S.K.: 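Here it is, the structure, as structure tokens.
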Amino acid sequence: GYRAEDHALTTVVPAPSSIFILNSSATPGDQAHVVSVGLTNLQPLRGVEFNLRFDTDVMTVDSVKSTGRVPFAPFYETINDSGTLSVLLVDFAGNLIPVASDTMAHIYTSIKANAPSSTMTLMMEMVEAAGEDGNPVEMTAGSGTLLIP
């Protein structure tokens with residue numbers, strides 16, 4: 001018989017879905033500074049929930065609005081005293097977040113007039129997502145930075 005050449009079989013495993021904060025910069029005293037939240041999901045999602053921790057000496061959170069492919073308004077709670085923002089994106093009418101990779105929410109912030117020059121970490125924590133069937137979906141979280149020159 002004939003001997004076949006060795007062949008390597010490459011297996012491609014898709015990266016897990018991810019939610020992340022896009023880096024931004026602002027100056028002391030800025031109002032309505034937008035911190036963007038990105039989402040890459042490989043399957044439709046029923047909802048996404050996350051916490052964001054920030055330095056209260058630098059900024060406060062004013063509001064959160066969904067954008068792009070997320071047609072429904074987020075539920076959110078800001079505890080500015082402790083520097084925590086909790087966000088839940090879910091539509092009670094049953095609309096899903098479609099598969100894509102782009103910005104899904106804007107967090108509107110106010111930068112304090114006496115904010116020191118620094119690079120503040122915006123820490124993404126406690127991320128959870130549910131797939132179309134309601135079961136948990138693996139998500140990786142990516143923190144971002146806010147530069148105050």
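Quick caveat, the model's predicted, so the values are computed rather than measured.
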S.K.: Can you list every salt bridge (Lys or Arg N to Asp or Glu O under 4.0 Å) pair that touches residues 35-47, not counting sequence neighbours?
M.R.: none
S.K.: With a 3.5 Å distance limit and no angle check, can you tell me whether S143 reaches the backbone of M124 through a side-chain donor-acceptor pair?
M.R.: yes
S.K.: May I have the step-by-step check of side-chain contact (heavy atoms from CB on, under 4.5 Å) for V137 and N41, ending in yes or no?
M.R.: CA-CA 9 Å; V137 172; N41 54 306; over 6 Å; no
S.K.: How close do L147 and P149 get, heavy atom to heavy atom, and via which atoms?
M.R.: O-CD, 3.6 Å
S.K.: Can you name the nearest heavy-atom pair linking F75 to V90, along with the distance?
M.R.: CE1-O, 3.9 Å
S.K.: Apply side-chain contact (heavy atoms from CB on, under 4.5 Å) to the pair V34 and Y108, showing each step before the final yes or no.
M.R.: CA-CA 5 Å; V34 175; Y108 292 89; 3.4 Å; yes
S.K.: First locate atom CE of M59, then atom CD1 of I148, and finally report the distance between them rounded to the nearest 0.5 Å.
M.R.: 9.0 Å
S.K.: Is there a side-chain contact (heavy atoms from CB on, under 4.5 Å) between V37 and I107? Walk through the geometry before answering.
M.R.: CA-CA 8 Å; V37 181; I107 301 169; 3.7 Å; yes
S.K.: How many angstroms lie between atom CG of L85 and atom CZ of R53, to the nearest 0.5 angstrom?
M.R.: 11.0 Å
S.K.: Would you say I111 and L52 are hydrophobically clustered, going by side-chain heavy atoms of ILVMFWY under 4.5 Å?
M.R.: yes
S.K.: Would you name the heavy atoms of K112 and T56 that are closest together and state the gap between them?
M.R.: NZ-O, 2.7 Å
S.K.: For M104 and L45: C-alpha separation, side-chain torsions, deciding distance, then whether side-chain contact (heavy atoms from CB on, under 4.5 Å) applies.
M.R.: CA-CA 12 Å; M104 71 157 188; L45 298 176; over 6 Å; no
S.K.: Where is the tightest heavy-atom contact between I97 and F72, given as atom of each residue plus distance?
M.R.: CG1-CZ, 3.7 Å
S.K.: Hey, what do you get for CG (L89) to CG (L39), rounding to the nearest 0.5 Å?
M.R.: 9.0 Å
S.K.: State the CZ-OG1 distance between F54 and T84, to the nearest 0.5 angstrom.
M.R.: 7.0 Å
S.K.: At their closest point, which heavy atom of M139 faces which heavy atom of V127, and how far apart are they?
M.R.: CB-CG1, 3.8 Å
S.K.: Once rounded to the nearest 0.5 Å, what's the spacing between atom CG of N51 and atom CE of M126?
M.R.: 5.0 Å
S.K.: When you measure from the side chain of S66 to the backbone of P74, do you find a donor-acceptor pair of N or O atoms at a distance under 3.5 Å?
M.R.: no
S.K.: Compile the donor-acceptor pairs under 3.5 Å between side chains in residues 20-30 and protein atoms, sequence neighbours left out, one pair per line.
M.R.:
{"residue": "N23", "atom": "OD1", "partner": "T145", "partner atom": "N", "Å": "2.8"}
{"residue": "N23", "atom": "OD1", "partner": "T145", "partner atom": "OG1", "Å": "3.2"}
{"residue": "S24", "atom": "OG", "partner": "H33", "partner atom": "NE2", "Å": "3.0"}
{"residue": "T27", "atom": "OG1", "partner": "D30", "partner atom": "OD1", "Å": "2.8"}
{"residue": "T27", "atom": "OG1", "partner": "D30", "partner atom": "OD2", "Å": "3.4"}
{"residue": "D30", "atom": "OD2", "partner": "T27", "partner atom": "N", "Å": "2.9"}

S.K.: Without swapping roles, check the side chain of T109 against the backbone of T60 for a donor-acceptor pair under 3.5 Å.
M.R.: no
S.K.: Measure the CD-CD1 distance between E128 and I19 for me, rounded to the nearest 0.5 Å.
M.R.: 11.5 Å
S.K.: Of the non-hydrogen atoms in S110 and A32, which two are nearest, and what is the gap between them?
M.R.: OG-N, 4.5 Å
